[in-house]
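All values derive from a computational prediction rather than experimental measurement.
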Amino acid sequence: MNDEPRRVLLIGMMGAGKTTIGRELARRTGWPFLDNDALVRELTGREPKAIDAEDGEDALHEAEIAALRAALARPGSAVISVAGAIVDDPIASAELRANAAHVVWLRARPETLRGRIGMGAGRRADARDLGWLAAKAAIREPRYRAVADQVIDIEDHRPRTIVKAILAAIAPPAASREEIDQDAAR
């Protein structure tokens with residue numbers, strides 16, 4: 001792309017595909033992928049699910065905010081997946097907008113999220129409940145919209161198509177498709 005560090009922050013509900021899209025986008029750009037759950041493990045030495053079960057949801061959200069801040073503090077370009085609840089904290093939500101990053105909301109219907117979460121392996125128990133997902137999505141929708149530079153409905157789109165849409169949005173206006181592909185190959 002250009003020599004200036006670039007960042008793409010992927011936001012959305014659990015099950016929206018932040019990790020899948022993040023890995024593919026990182027592969028295409030050559031930038032590191034900083035996954036929120038991995039950063040929580042790195043910073044705390046614990047699994048996010050264990051923090052939630054043992055210390056409560058507030059402690060988990062504090063760890064997720066710390067992980068976001070650690071990701072934003074790293075130098076250089078990066079693709080960063082952001083915990084779904086970050087937008088519930090006004091200060092952390094403001095930090096999303098204040099970091100000269102391209103924020104992408106991966107939006108999905110609650111039914112799609114539920115299907116992707118499946119039986120909840122590694123997921124919080126209430127996330128398997130369609131009613132809980134619908135209620136959380138409704139509360140967070142205006143918060144996600146307020147910080148997003150780009151909204152992508154993930155329904156019926158393959159990860160490759162979503163990544164292409166993000167690449168098109170972050171490319172300099174004069175860049176051609178070939179230049180994007182050449183930069184991603186480097």
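Residues Leu34 and Val79 have side chains not in contact (no heavy-atom distance under 4.5 Å, counting atoms from C-beta outward). In this structure the side chain of Val8 reaches within 4.5 angstrom of the side chain of Trp31, judged on heavy atoms. Side chains of Trp105 and Glu141 form a contact here, defined as non-hydrogen atoms less than 4.5 Å apart. The side-chain heavy atoms of Leu10 and Thr19, taken from C-beta on, include no pair separated by under 4.5 Å. Side-chain contact between Leu96 and Leu68 is present, with heavy atoms from C-beta onward closer than 4.5 Å. Counting heavy atoms from C-beta outward, Thr20 and Ile162 have side chains that stay 4.5 Å or more apart. Using a 4.5 Å heavy-atom cutoff, the side chains of Ile80 and Phe33 are not in contact. Looking only at side-chain heavy atoms (C-beta outward), Thr29 and Leu167 come within less than 4.5 Å of each other.
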Checking Arg6 against Ile170 for the side chain to side chain contact (heavy atoms under 4.5 Å, CB included) test, could you report, in this order, the C-alpha distance in whole Å, the side-chain angles of both residues, the deciding distance, and whether it holds? CA-CA 9 Å; Arg6 305 283 309 264; Ile170 65 173; 3.5 Å; yes
Are Leu9 and Leu72 close enough, and set up right, to give a side chain to side chain contact (heavy atoms under 4.5 Å, CB included), and what steps lead you there? CA-CA 10 Å; Leu9 304 179; Leu72 293 172; 4.0 Å; yes
Between Val104 and Asp149, does a side chain to side chain contact (heavy atoms under 4.5 Å, CB included) hold up when you go through it step by step? CA-CA 6 Å; Val104 181; Asp149 296 304; over 6 Å; no
Would you please test Met14 and Leu133 for side chain to side chain contact (heavy atoms under 4.5 Å, CB included) and show each step? CA-CA 9 Å; Met14 144 185 355; Leu133 285 168; 5.7 Å; no
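Here the OG1 atom belonging to Thr161 is positioned 11.0 Å from the CD1 atom belonging to Ile166, to the nearest 0.5 angstrom. Here the straight-line distance linking atom CD1 of Ile152 with atom CD1 of Ile21 works out to 7.5 Å at 0.5 Å rounding.
Among pairs with a residue in residues 72-83, those fulfilling salt bridge (charged side-chain N to carboxylate O under 4.0 Å, His left out) read Glu42-Arg74, at least two apart in sequence or across chains. The salt bridge (charged side-chain N to carboxylate O under 4.0 Å, His left out) contacts involving residues 12-25 comprise Glu24-Arg27, where partners must be two or more places apart or lie in separate chains. Among residue pairs with one or both ends in residues 62-82, none qualify as ring pair (Phe, Tyr, Trp, His ring centres under 6.0 Å); sequence neighbours excluded. Sequence neighbours left out, the pairs with a member in residues 63-72 that pass salt bridge (charged side-chain N to carboxylate O under 4.0 Å, His left out) are Arg69-Glu95. The ring pair (Phe, Tyr, Trp, His ring centres under 6.0 Å) analysis of residues 35-57, with sequence neighbours excluded, yields no pairs. Identified under the ring pair (Phe, Tyr, Trp, His ring centres under 6.0 Å) test for residues 35-56, with sequence neighbours left out: none.
Cluster membership check: Tyr144 shares its hydrophobic cluster with Val151, using side-chain heavy-atom separations under 4.5 Å among Ile, Leu, Val, Met, Phe, Trp and Tyr.
Donor-acceptor pairing under 3.5 Å is lacking for the side chains of Ser81 and Asn36.
By the side-chain contact (heavy atoms from CB on, under 4.5 Å) test, Ala169 pairs with His102, Gln150, sequence neighbours left out. Partners of Glu62 according to the salt bridge (Lys or Arg N to Asp or Glu O under 4.0 Å) rule, which considers only residues two or more places apart in sequence or in another chain, do not exist here. Take Arg160 and apply the salt bridge (Lys or Arg N to Asp or Glu O under 4.0 Å) test, not counting sequence neighbours, and it matches no residue. By the salt bridge (Lys or Arg N to Asp or Glu O under 4.0 Å) test, Glu111 is found to be paired with no residue, residues two or more places apart in sequence or in another chain being considered. In this structure Asp55 satisfies the salt bridge (Lys or Arg N to Asp or Glu O under 4.0 Å) test together with Arg46, sequence neighbours excluded. Asp88 meets the side chain to side chain donor-acceptor pair (under 3.5 Å) test with Arg140, Arg143; sequence neighbours excluded.
Closest heavy-atom contact between Pro48 and Arg41: CD-NH1, 3.8 Å. Residues Ala134 and Pro110 come closest through the heavy atom pair CA-CG, 3.7 Å. Minimum heavy-atom separation, Asp89 to Ala92: OD1-N, 2.7 Å. Annotation for Ala16 and Leu113: closest pair N-CD2, 3.6 Å, computed over non-hydrogen atoms. The two residues Ile51 and Ala63 make their nearest non-hydrogen contact at CD1-CB, 4.2 Å. In terms of heavy atoms, Ser93 sits closest to Val147 at OG-CG1, 3.4 Å.
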